[in-house]
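Just below is one structure, and these are the notes that go with it.
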Amino acid sequence: MFEMDIYRVISEQVKSSVKRLLFFDYDGTLMPLARFPSLSAPNEEVIRLLSDLTSDEKNNIVIISGRDSATLGKWLGAMKLILVAEHGALIKYPGKKWKALIEKGEEWKKDIISVMNTYSGKCEGSFMEEKIFSIAWHYRNASYEVGNYFSRELLSALSKITAGTSLQVLDGNKIIEVRFNSINKGGIAKMIVQEVQPDFILALGDDRTDEDMFKALKSKSVTIKIGTGKTAAGYSLSSQEEVTKLLKNLFHKFPD
Ligand SMILES: [Mg+2]
C-alpha cells in the first residue's frame, strides 16, 4: 500500500482521538541502522519530531527497543517519553527511574558469551553486545556470505545451549539475540495499553521482535512495518525515511 493511502486511512482516526498511544521502535524505525549501535544517537530531526509530538497532551509516546536502558536513558531520558529497553525487560516513565520487570542473576550468560565470542573471532566484522537481560551478536558489518554462513552456525549452537531453558534465540535483521522467552514487545505493549487506556493506538517497527507487538496490538490498532517481508502488521512503509515523513504529516503541526 502506498504511503498516501496509509495517511488517508489513519489521519481521520488521529484527528478524532483524544488519548493516543504511539509505539515507536528505535533502530531501523525512528533512526536508520548504523554500522555500530553506539553511532545511532538521535539526530536533530528525530529530537524535534519527538518533542513536537510530546508537546501535544493527547499523545502518549513509547520508545520500545531492544537496546540497553543506559543508552536509551542517555539519549531520550530527559524527554516526556515512556522508554522500554531490552524488548520489555525494563521500563522508564517520564521523570522516573528505570524499573526492571524481571529478576535474574548473571549465571545464564556464561555459555552464551563464550560461544558468541568464539564466533566474533571467526566472523570478521561481527561483535557481541552484552545487556542486562539479553545478549546480542551483530553481523551487519560482516560480508554478506561470511555473515550469513557463521550466523546460521551460531544460531544452531545457541539453540542447542538454550534448549529446555527459559531462554530464547532470536534470528533478527543482522542480529542474533538471546533473551528470556517471557519477555517480548507484545507483553509490555499490552501492559502499557491497559495503563493508558487510549482511544487510538499506532505501532511502528522494522524487525522480527516488532512482530510480537503487532500481533499483541493487532485488533484495535494501526500497525505499520518498516521495510519489506512478511508481517503481522496491517500496513507497510517501504523505507525508514518514510517514517518521519508520515509522522509529520499525520500529526501535521510542522512544516516539511
Ligand atoms: Mg528495529
Side-chain angles (χ1 to χ4, degrees), residues 6 21-43 45-47 49-50 53 61-76 81-92 126-129 131 133-142 147 151 168-179 183-189 192 201-218 221-247:
I6 300 180
L21 183 55
L22 315 176
F23 291 95
F24 302 142
D25 167 51
Y26 187 80
D27 294 275
T29 301
L30 280 184
M31 283 290 290
L33 280 184
R35 275 178 68 80
F36 292 98
S38 57
L39 297 179
S40 308
N43 60 25
E45 189 184 29
V46 167
I47 292 287
L49 175 68
L50 290 175
L53 290 175
I61 297 163
V62 186
I63 307 297
I64 185 162
S65 173
R67 275 186 178 267
D68 67 274
S69 51
T71 308
L72 282 182
K74 185 174 72 183
W75 288 347
L76 302 165
L81 300 164
I82 299 172
L83 302 179
V84 172
E86 298 198 31
H87 312 292
L90 300 115
I91 188 164
K92 182 191 174 306
S126 68
F127 59 97
M128 189 188 77
E129 181 193 5
K131 295 178 263 188
F133 300 106
S134 51
I135 310 175
W137 186 77
H138 298 269
Y139 60 101
R140 63 182 87 162
N141 300 334
S151 67
Q168 183 185 18
V169 187
L170 284 158
D171 183 16
N173 184 11
K174 305 287 180 190
I175 180 172
I176 291 192
E177 189 152 27
V178 178
R179 64 170 189 190
I183 296 296
N184 69 69
K185 287 188 178 183
I188 190 98
I192 297 171
I201 303 170
L202 175 68
L204 277 82
D206 71 308
D207 210 345
R208 293 275 276 272
T209 58
D210 299 306
E211 294 297 320
D212 296 326
M213 169 169 73
F214 297 149
K215 281 180 209 147
L217 296 176
K218 187 114 195 202
S221 315
V222 176
T223 52
I224 305 177
K225 174 180 162 97
I226 320 307
T228 52
K230 210 169 156 254
T231 181
Y235 304 96
S236 294
L237 280 178
S238 56
S239 69
Q240 186 274 326
E241 293 86 65
E242 299 294 325
V243 173
T244 34
K245 244 191 267 174
L246 176 76
L247 293 176

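Just follow the structure's listing: the first ligand is 1, and inside any ligand the first atom is 1. Position 1 is the first residue of the sequence, and the numbers go up from there.
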To make sure I understand the geometry: which N, O or S atom in D27 is closest to the Mg ion (ligand 1)? O

Between K245 and E242, is there a side-chain N and carboxylate O pair less than 4.0 Å apart? yes

Is any NZ, NE, NH1 or NH2 atom of the basic residue among D212 and R179 found under 4.0 Å from an Asp or Glu carboxylate oxygen of the other? yes

Between the side chains of D210 and K225, is the shortest nitrogen-to-carboxylate-oxygen separation below 4.0 Å, so that they form an ion pair? no

Of all N, O or S atoms in D206, identify the one at the shortest distance from the Mg ion (ligand 1). OD1

Identity of the N, O or S atom of D25 lying closest to the Mg ion (ligand 1): OD2

Check: T231/E211 side-chain N/O donor and acceptor closer than 3.5 Å: yes

